[in-house]
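Below is one structure, written out as structure tokens, with a few remarks after it.
When a ligand or atom number is given, it counts from 1 through the structure's own listing order.
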Amino acid sequence: MLENFVTYNGTSIPAVGLGTWQSKPQDAYNAVRWALEFGYRHIDTAFVYGNEREVGQAVRDSKIPRENVFVTTKVPAEIKSSAQAEKSFFSSLANLGTDYVDLYLIHAPWPWDEVGKDCTEGNIAVWEKLLELRSKGYVREVGVSNFEIADIEAVTTATGVLPAVNQIYHFVGATESQLRDYCQKRGIVVEAYSPLGTGKLLQNPALCRMAERYGVTTAQLCIRYCLYKQTLALPKSVHRDRIAQNISLDFEIAAEDVAFLDAFGNC
Ligand code: A2P
């Protein structure tokens with residue numbers, strides 16, 4: 001079983017992280033405490049999730065040494081200037097109550113209310129700021145999220161530095177395989193957010209039947225599938241039993257079933 005992904009800089013990232021998008025602050029606190037108790041060592045948050053404080057508090061309260069927990073946060077998608085990115089970073093750092101962030105991402109190439117807008121200049125400015133934060137030791141790795149190939153090429157061409165990670169929407173039936181292959185060929189770690197299709201996949205009869213054959217839950221099947229595609233999975237849950245379940249992935253999926261899941265969007 002794959003336990004870590006390694007960036008092109010040699011940084012190890014645990015292959016499954018707890019997602020906290022849409023987790024309310026107190027729920028996020030509990031979820032992170034349980035996750036760390038069950039062996040997760042990777043927590044994904046973002047400034048806009050509004051739960052950085054509770055995530056940071058939970059990591060501290062766990063008493064697990066800080067260096068043993070990989071924490072990711074993100075510059076809000078609407079921030080497209082160097083000065084604002086710096087300000088936002090130090091707000092995140094204060095919220096998390098930590099000295100450094102393991103992975104800092106540009107949340108999206110465009111503001112959420114202007115999806116598709118060309119913000120190339122702003123993305124380059126923010127990317128340069130992230131590189132500066134990394135060189136000063138405030139962040140260990142820098143990357144992007146929701147970036148398409150052209151967005152990645154723009155920041156890379158301008159600075160000569162490839163993102164270490166691209167965190168994308170990735171689940172059975174929605175795998176953006178062209179983007180995924182592009183990233184993987186270049187050594188960019190692909191992280192899958194919403195690996196359960198935000199929960200929508202879990203009632204699918206074909207997936208439920210397949211999971212039953214393996215004696216696992218549909219959630220476990222979907223998360224394991226992401227790992228088969230060499231994508232790091234970030235399942236979100238605020239329930240103790242589900243959090244435990246989502247990291248219990250010690251089973252294999254037969255090649256023909258992986259192929260079926262690959263073609264799932266076409267079923
Ligand atoms: P909850 O947080 O109430 O447990 P995704 O990671 O794709 O965004 O999916 C998250 C959604 O799936 C949330 O609604 C979450 O609910 C639900 N979920 C997460 N893990 C499981 C699980 N093991 N079984 C059932 N539902 C789950």
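- Taking the centre of each ring, Tyr104 and Tyr138 stay at or above the 6.0 Å mark.
- Note: His42 and Phe5 fail the aromatic proximity criterion, with ring centroids not under 6.0 Å apart.
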List, for ligand 1, each N/O atom that has a protein N/O partner under 3.5 Å away, with both atom names and the distance.
unit_1, atom_1, unit_2, atom_2, d
ligand 1, 2 (O), Lys236, NZ, 2.7
ligand 1, 2 (O), Val238, N, 3.0
ligand 1, 3 (O), His239, ND1, 3.1
ligand 1, 3 (O), Arg242, NH1, 3.3
ligand 1, 4 (O), Ser237, OG, 2.6
ligand 1, 4 (O), His239, ND1, 2.9
ligand 1, 4 (O), Arg242, NH1, 2.8
ligand 1, 6 (O), Lys236, N, 2.9
ligand 1, 7 (O), Ser194, O, 3.4
ligand 1, 7 (O), Pro195, N, 3.4
ligand 1, 7 (O), Leu196, N, 2.8
ligand 1, 7 (O), Gly197, N, 3.3
ligand 1, 7 (O), Thr198, N, 2.8
ligand 1, 9 (O), Gly199, N, 3.4
ligand 1, 16 (O), Arg242, NH1, 3.2
ligand 1, 20 (N), Asn246, ND2, 3.0
ligand 1, 23 (N), Gln245, OE1, 2.7
ligand 1, 23 (N), Asn246, OD1, 2.9

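- Arg53 forms no cation-pi arrangement with Tyr29, by the criterion of a distance under 6.0 Å to the ring centre and an angle within 45° of the ring axis.
- Taking the six-membered ring wherever Trp is involved, the centroid distance between the rings of Tyr169 and Phe171 falls below 6.0 Å.
- Linking Ile, Leu, Val, Met, Phe, Trp and Tyr residues whenever their side-chain heavy atoms come within less than 4.5 Å places Tyr193 and Leu221 in a single cluster.
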Got a list of side-chain donor-acceptor pairs under 3.5 Å for residues 195-210, not counting sequence neighbours?
unit_1, atom_1, unit_2, atom_2, d
Thr198, OG1, Lys200, NZ, 2.8
Asn204, OD1, Ala206, N, 3.0
Asn204, OD1, Leu207, N, 3.1

